[in-house]
Amino acid sequence: LYFQKVTQKMKVWRSTMNKCCETCDWYEDYQGVCFNGDSPHCADFTDPKQRCREWERKEADHAKD
């Protein structure tokens, strides 16, 4: 039972950890700039691990090589 609770919490933790600039559709990887007009960080250089409430999932065709 304890193991199941820990596993569930880990899944939630992992899913929120991935919601950062480097996985956001509005993040420009080459220079590290946010292009989301709704974000308070728009047009700013951001840390790839930074987070904001305006995060949107990056589509598969934007995957790194």
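In this chain, numbering begins with 1 at the start of the sequence shown.
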Glu28: side chain to side chain donor-acceptor pair (under 3.5 Å) partners, not counting sequence neighbours:
none
Under 3.5 Å, which donor-acceptor pairs link side chains of residues 34-42 to any protein atom two or more places apart or in another chain?
| from | atom 1 | to | atom 2 | distance (Å) |
| --- | --- | --- | --- | --- |
| Asn36 | OD1 | Asp38 | N | 2.9 |
| Asn36 | ND2 | Glu54 | O | 3.0 |
| Ser39 | OG | His41 | N | 3.0 |
| His41 | ND1 | Gln50 | NE2 | 3.1 |
| His41 | NE2 | Gln50 | NE2 | 3.2 |

Using the side-chain hydrogen bond (donor to acceptor under 3.5 Å, both in side chains) rule, pick out the option among Thr23, Asp29, Asn18 that qualifies with Lys58.
Asp29
Please report the closest heavy-atom contact between Tyr27 and Pro48, naming both atoms and the distance.
OH-CG, 3.6 Å
Listed by chain and number, what are the side chain to side chain contact (heavy atoms under 4.5 Å, CB included) partners of Phe45, not counting sequence neighbours?
Gln31, Val33
Could you tell me the separation between the NZ atom of Lys19 and the CD atom of Glu56, rounded to the nearest 0.5 Å?
11.5 Å
How does the hydrophobic cluster around Tyr30 look, that is, which other residues are in it when side-chain heavy atoms under 4.5 Å mark a link?
none
Has the side chain of Lys49 got a donor or acceptor atom that lies under 3.5 Å from a matching backbone atom of Cys20?
no
If you link ILVMFWY side chains whenever their heavy atoms are less than 4.5 Å apart, which other residues fall into the same cluster as Trp55? By chain and number, please.
none
